[in-house]
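Below you'll find the structure, written out as structure tokens, and then a few comments.
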Amino acid sequence: MHFVEALSTNICEVSIIKLQDIVAYQIYPRSFQDSNGDGIGDIPGITRRLDYLKELGINLLWITPMYRSPGCDNGYDISDYYAIDPVFGTMNDFDRLVSQAKARGIGIMMDMVLNHTSSQHHWFQEALKGKDNPYHDYYIWKTAPKGQLPNNWQSKFGGSVWEYVPDLDEYYLHLYGRAMPDLNWENPKVRTALFQVMRFWADKGIAGFRLDVINNLSKDQRFPNDTFATPQDDGRNFYTDGPRIHEFLREINREVLAPYGLISVGELSSTTIENTNLYTNPARQELSMGFTFHHMKVDYPNGQKWALGMNDLPTLKRIISNWQVGTMNGGGHLALFWTNHDQPRALARFMNDDVYRDQSAQALAIIEFGLRGVPFVYQGEEIAMKDAYFTSIDRYQDAESRNAYAGLLQDGKSAAEALAILQQKSRENARLPMQWDDTANHGFSSHTPWLIPEHDDQHTVARASACPASTLAFYQELIHLRHSNDTLKSGRFELLDPADGEVFAYRRESDSEILLVVANFTQQVLSRRLPKGTYHTIIANYKKTSLTGDVLTLQPYEALILRTSK
Ligand code: GLC
Ligand code: CA
């Protein structure tokens, strides 16, 4: 057993990357690059594109799950934690990816799902055999009087969280899909089994884990009804940041993360700033950083996701600023992002994906990279990819979107209204295959892709590479700047003009300099007065900055970072 040897190499290799030095990239493997012509992206495809990623300047790669899975939730339903799903390749392919990435200074971050398994996992199959089976207690079971449910909690994928198993006369809990039963973290055997899984991957020399829905692990053991006073009071009050969650995370840290020196990012849905600090302040020894989602709900009217909504800039700014300041003062660490595989793309949502598309994409990037935290680029953002805008429900593969569509029809919406909502809100929007070049299927695959774009789009990596003013070239420059500027990495943050509904501006400050990060969120030409100082531009999405005296004139969606020394 090479455990000790592997352990020590891991520690020194990984500790080369410090948190402030990370710029991460997220790959949704089904949609990144197909290598064997089956229309589904795979591991050899990712390996083939490592040089592209290295040139982009990123040093950490989060890849969403590739374990063996029936694919009810595209891999988040794991049936074997110890195997790579054949659709993505082999274990050899994976090992090669890790070593090839490492050779380019890129760490691989695996996506680990600890909250639930697939119903096909052998633990659950055993659990179904009876209450005396040793695996029964790996999951969460409850009884209820005939015709009733154990409680009123709603599944994130629609409907009740409880699924009845007639043979056992019991219900099992699933916060997500029916085919994704929640694991019982109260059972120490479950925890031990999962730590073993994590060590297996850590031994392969990965750099870290993205921990799926991690703040949902600990359920209130009374399982009380929720109030439904707002759409958020749907059960989540009793499992979000639950009673034992910090204890569980410290255990994960002690058992796996710390001994291997792994980087970790928790997906922290519906959490609070206070809890985020507890999760991510290094002194607490829980996680390195967290994804939080409050800024992704600005366009949820009355908290409702599946409804058409507008982005309100002052609200967006207030939320982002509260989290920046709150984590800065509490010693916490945020992972920064505008989109991921669970969100529509940010371009149309917050900016403009039609006219000024590239300026918009670059302005969003400036705002993200200027913030305090670790920036994540989601595949395609660097070429200003657009939403899918599917015009028929048949185009959608995603269970969450399809369930939402059915729910909207049930609520009396017409098919056209329901589709318009999906076009704006569905996460499938961000899952279109990566657009590499102008060959068939944009160079993604020689075969029809698993998710077929409905609209032809000219924004490709090949075209962007040939154009010095492209969004891709801009990302390279921005990532380079981020790696070389300590104020961006660790300066203090302060929001400017919170009430300004057109311009997003904030300040970063270190002992030696002040940076102003400014973006015009409108199509209008605007002027704004700058605070005192002599400023020069260090990066911008227009060629020339128009600064006359202390008046800055901003073109449509113009964004820039200005510097003044102290
Ligand atoms: C996370 C994933 C999402 C998945 C869910 C259930 O939110 O990012 O894609 O559906 O967890 O595992
Ligand atoms: Ca393939």
Side-chain angles (χ1 to χ4, degrees), residues 26-49 62-67 69-79 81 84-90 93 97 109-119 121 155-158 161 173-183 209-217 236 239-240 265-271 290-293 296 305 335 337 339-344 376 378 397-404 426-431 433-434 441 443-451:
Q26 184 197 347
I27 286 183
Y28 194 64
R30 298 180 81 78
S31 301
F32 193 62
Q33 175 70 67
D34 178 21
S35 74
N36 62 348
D38 63 356
I40 302 174
D42 46 47
I43 299 172
I46 300 174
T47 307
R48 223 176 90 194
R49 297 294 183 179
W62 157 28
I63 310 175
T64 64
M66 303 188 290
Y67 315 93
S69 161
C72 298
D73 189 25
N74 285 0
Y76 283 96
D77 48 327
I78 300 173
S79 56
Y81 286 100
I84 292 288
D85 196 283
V87 109
F88 293 120
T90 64
D93 293 333
L97 170 66
M109 179 178 256
M110 290 288 273
D111 204 325
M112 183 49 71
V113 188
L114 302 175
N115 181 69
H116 45 267
T117 66
S118 159
S119 53
H121 195 289
S155 155
K156 307 252 188 194
F157 289 0
V161 296
L173 179 94
H174 61 91
L175 294 185
Y176 296 87
R178 181 180 304 156
M180 299 152 80
D182 279 50
L183 286 161
F209 288 110
R210 179 260 188 190
L211 297 171
D212 189 59
V213 296
I214 197 68
N215 62 329
N216 291 346
L217 295 187
R236 77 184 77 174
Y239 58 78
T240 302
V265 53
E267 186 195 20
L268 306 174
S269 86
S270 305
T271 190
F291 286 115
T292 67
F293 297 89
M296 291 281 108
K305 173 168 174 173
F337 71 102
T339 190
N340 62 30
H341 66 293
D342 291 329
Q343 300 287 337
F376 278 70
Y378 177 65
Q397 311 273 326
D398 170 38
E400 189 205 32
S401 307
R402 296 178 73 101
N403 292 348
S426 166
R427 58 185 187 173
E428 199 91 295
N429 276 307
R431 296 180 175 182
M434 185 70 180
N441 306 310
F444 163 72
S445 176
S446 55
H447 188 276
T448 309
W450 71 277
L451 188 65

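Atoms within a ligand are numbered from 1 in the order they appear, just like the ligands themselves.
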Of all N, O or S atoms in D42, the one closest to the Ca ion (ligand 2) is OD2
Report task. Without swapping roles, check the side chain of T339 against the backbone of P344 for a donor-acceptor pair under 3.5 Å. Result -> yes
In Y28, F337, F291, the residue satisfying ring-ring contact (aromatic ring centres under 6.0 Å, His included) with W62 is F291
Contact check: Y176 vs ligand 1, nitrogen or oxygen atoms, below 3.5 angstrom:
no
Residues Y67, H121; criterion ring pair (Phe, Tyr, Trp, His ring centres under 6.0 Å); working and verdict: CA-CA 11 Å; Y67 315 93; H121 195 289; over 10 Å; no
Tell me whether N36 has at least one N, O or S atom under 3.0 Å from the Ca ion (ligand 2). yes
Per residue D34, nearest N, O or S atom to the Ca ion (ligand 2) is named OD1
> If you measure from each heavy atom of Q343 to ligand 1, is any distance below 4.0 Å?
Replying inline: no
Flag, side chain of D85 to backbone of F88, donor-acceptor distance under 3.5 Å: no
Going by the 4.0 angstrom heavy-atom rule, the piece of E400 near ligand 1 is neither
Apply salt bridge (Lys or Arg N to Asp or Glu O under 4.0 Å) to residues R427 and D73 and explain how you reach the verdict. CA-CA 12 Å; R427 58 185 187 173; D73 189 25; 3.0 Å; yes
So the atoms of ligand 1 within less than 4.0 Å of a heavy atom of H341 turn out to be 2 (C), 3 (C), 8 (O), 9 (O)
(request) Please confirm whether H116 comes under 4.0 Å of ligand 1, counting heavy atoms of the residue only. (result) yes
closest protein heavy atom to atom 8 (O) of ligand 1 is D342 OD2, 2.4 Å
So for Y28 against ligand 1, with non-hydrogen atoms under 4.0 Å, the contacting part is neither
Of all the N, O or S atoms in D38, the one nearest to the Ca ion (ligand 2) is OD1
(message) When you compare the side chain of Y378 with that of Q343, does any pair of heavy atoms fall below 4.5 Å?
(response) no
closest protein heavy atom to atom 11 (O) of ligand 1 is D212 OD1, 2.9 Å
Within the structure, is a non-hydrogen atom of R427 found at a distance of less than 4.0 Å from ligand 1? yes
D342 bridged to R431 by N-O distance under 4.0 Å: yes
Taking only non-hydrogen atoms of V213 and a 4.0 Å limit, the atoms of ligand 1 in range are 1 (C), 7 (O), 11 (O)
Closest heavy-atom approach to atom 4 (C) of ligand 1 among T64, D111, D73 is made by D73
query = Considering only heavy atoms from C-beta outward, does the side chain of I46 approach that of Q33 to under 4.5 Å?
reply = no
Salt bridge between K305 and E400, side-chain N to carboxylate O under 4.0 Å? yes
**Min side-chain heavy-atom separation L183-T117 under 4.5 Å** = yes
For E267, the ligand 1 atoms with a heavy-atom partner under 4.0 Å come out as 1 (C), 7 (O), 8 (O), 11 (O)
### Query
Closer than 3.0 Å to the Ca ion (ligand 2), do we get an N, O or S atom from I40, backbone or side chain?
yes
Does a side-chain heavy-atom distance below 4.5 Å link P181 with S119? yes
